Amino acid sequence: MFKKVLIANRGEVAVRILRACRVLGIETVAVHSLVDENLMHVKFADESVCIGPNSATESYLNVSAILSAAELTGADAIHPGVGFLSENEKFARLVAESGLKFIGPSPEHLAMMGDKITAKKTVADIGIPVITGSDGVVIDVADARSIADSVGYPVLLKAAAGGGGTGMKVATSPAELEEAFKLARTEAKASFNNDSIYIEKYLTNPRHIEIQIIADSYGNVVHLGERDCSIQRNHQKLIEETPSFAVSPEARRSIGEVVVNAVRKLEYVGVGTLEFLYENGEFFFMEMNTRLQVEHCISEVVTGVDIVKEQIKIAAGEALSFSQDGIEIRGHAMEFRINAEHPETFMPSPGKIEDLHFPGGNGIRVDSHVYRNYVVPPYYDSMIAKVIIHAETRNECLMKAKCALDELVVDGISTTADLHRKLVRNRDIINGNYSVHWLEDNLRSL
Ligand code: MV4
């Protein structure tokens with residue numbers, strides 16, 4: 001096992017990783033930007049190093065500063081957390097070349113899944129269902145036209161380097177194709193400096209269902225069921241739940257088996273998530289996240305698996321201590337993301353937290369890095385807490401969520417808590433009747 005892990009991240013996930021290290025008896029190194037000197041995990045870590053000024057580019061994305069901090073403190077592994085450098089192939093490579101362990105998959109797997117066209121081709125070849133579309137990059141408007149004609153409208157143009165909706169354009173008819181193609185290209189070029197575009201049949205009303213997997217370096221692969229992450233705004237997830245209201249036990253078993261077999265064939269090692277669109281009982285692969293995810297906690301509470309602890313053990317070369325037969329999905333879990341945001345505009349609402357109270361009780365977990373008088377800086381992700389609810393049934397989970405959200409106090413800044421209080425009382429949410437478009441379609445009438 002590692003002796004000392006450097007946590008190359010901040011906020012809530014840095015605390016989550018620090019806790020997993022503590023449970024494993026591993027020493028921790030926190031690295032932070034100037035303004036983050038007072039972060040919770042910096043106070044708790046055994047050592048801390050300031051790696052640069054406030055801008056993420058100069059701190060949490062500053063590869064040489066992070067590697068220097070690791071060398072200085074004698075860390076033997078780096079946990080990249082979520083976002084920042086967590087899916088960066090070059091960083092993973094440099095960490096390995098520095099003689100340290102990158103707590104995540106191989107650079108080859110990061111590269112494979114980082115390119116969405118390669119990812120789609122790779123998984124299609126090993127039995128994962130994908131959405132019909134172009135075989136690879138669409139070279140020009142004429143090419144786009146012939147593919148769209150054979151796939152049938154509506155079609156969706158996506159950026160190969162994308163993910164998260166950037167560079168995505170719908171064409172509902174041939175008349176819209178040229179414009180959509182050019183816009184997608186320009187946006188992709190501007191955002192990723194890569195204007196490769198591919199085409200898919202556009203699914204009009206899908207759910208976002210993702211499967212959590214965990215794989216060790218001995219070929220053991222286990223899935224921890226699915227998460228329904230359809231409640232999103234601007235491709236920012238707000239509520240996640242497991243199991244999904246829409247997925248039957250039979251569909252779960254079947255997609256779980258397909259995913260596990262594919263991941264084994266890929267020789268993927270680490271934790272990961274395969275994202276699917278789910279419509280009319282069918283799964284279609286979108287992309288694979290080759291890292292820990294924010295919403296991993298709901299899978300933890302229904303399976304009893306400490307995903308971050310297992311992730312670290314796997315990176316240290318240990319075998320999984322459980323098999324698929326040992327995984328039972330118990331009860332229902334939901335996660336509510338509390339972001340420092342204006343309730344209407346969803347613009348960041350940084351500032352000082354004047355008063356703070358977190359809910360508690362049986363089946364209530366709050367993962368957070370904030371405390372009373374903490375000042376939320378304007379430079380980073382706006383999430384300040386996750387309220388995770390676990391109950392025997394979905395109905396009980398919603399009742400408990402109501403109770404927990406009413407107990408939550410965050411004064412001094414605006415948060416998404418008020419929106420959640422409305423959502424847990426909404427008919428469609430209570431009935432599990434929603435798709436990826438539900439929140440944006442219903443925001444105004446909430
Ligand atoms: C789609 C789709 C419909 N059809 N692909 C959005 C983010 C990016 N990762 C993929 N996305 C979508 N891809 C096809 N062929 C609809 C979406 C989509 C979406 C997906 C998941 C969660 C929220 C979404 C909101 C709008 C569109």
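Both ligands and their constituent atoms are indexed starting at 1 by order of listing. It should be emphasised that the depicted structure is a prediction, and the values quoted were computed from it without experimental measurement. These values consider heavy atoms only, across backbone and side chains, with no hydrogens, waters or symmetry-generated copies.
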* Asked: Do Val13 and Val294 come within less than 4.5 Å of each other through their side chains, counting heavy atoms only?
  -> no

Close N/O pairs between ligand 1 and protein, under 3.5 Å:
from: ligand 1; atom 1: 4 (N); to: Leu203; atom 2: N; distance (Å): 2.9
from: ligand 1; atom 1: 5 (N); to: Lys158; atom 2: NZ; distance (Å): 3.0
from: ligand 1; atom 1: 9 (N); to: Glu287; atom 2: OE1; distance (Å): 3.3
from: ligand 1; atom 1: 13 (N); to: Lys158; atom 2: NZ; distance (Å): 3.2
from: ligand 1; atom 1: 15 (N); to: Glu200; atom 2: OE1; distance (Å): 2.9
from: ligand 1; atom 1: 15 (N); to: Lys201; atom 2: O; distance (Å): 2.8

* If you look only at pairs with a residue in residues 282-302, which of them pass as a ring-ring contact (aromatic ring centres under 6.0 Å, His included), with sequence neighbours excluded? -> Phe276-Phe283, Tyr278-Phe283

* Sequence neighbours left out, what pairs pass salt bridge (Lys or Arg N to Asp or Glu O under 4.0 Å) with at least one residue falling in residues 124-142? => none

* To do: Report the C-alpha separation of Glu200 and Lys116 in whole Å, then their side-chain angles, then the decisive distance to 0.1 Å, and conclude whether the salt bridge (Lys or Arg N to Asp or Glu O under 4.0 Å) test is met.
  => CA-CA 12 Å; Glu200 282 181 352; Lys116 307 304 165 194; over 6 Å; no

* Asked: What orientation do His437 and Tyr202 show, parallel under 30°, tilted 30 to 60°, or perpendicular over 60°?
  -> tilted

* **Pairs satisfying side chain to side chain donor-acceptor pair (under 3.5 Å), at least one member in residues 245-258, at least two apart** => Glu226-Arg252, Glu250-Arg253

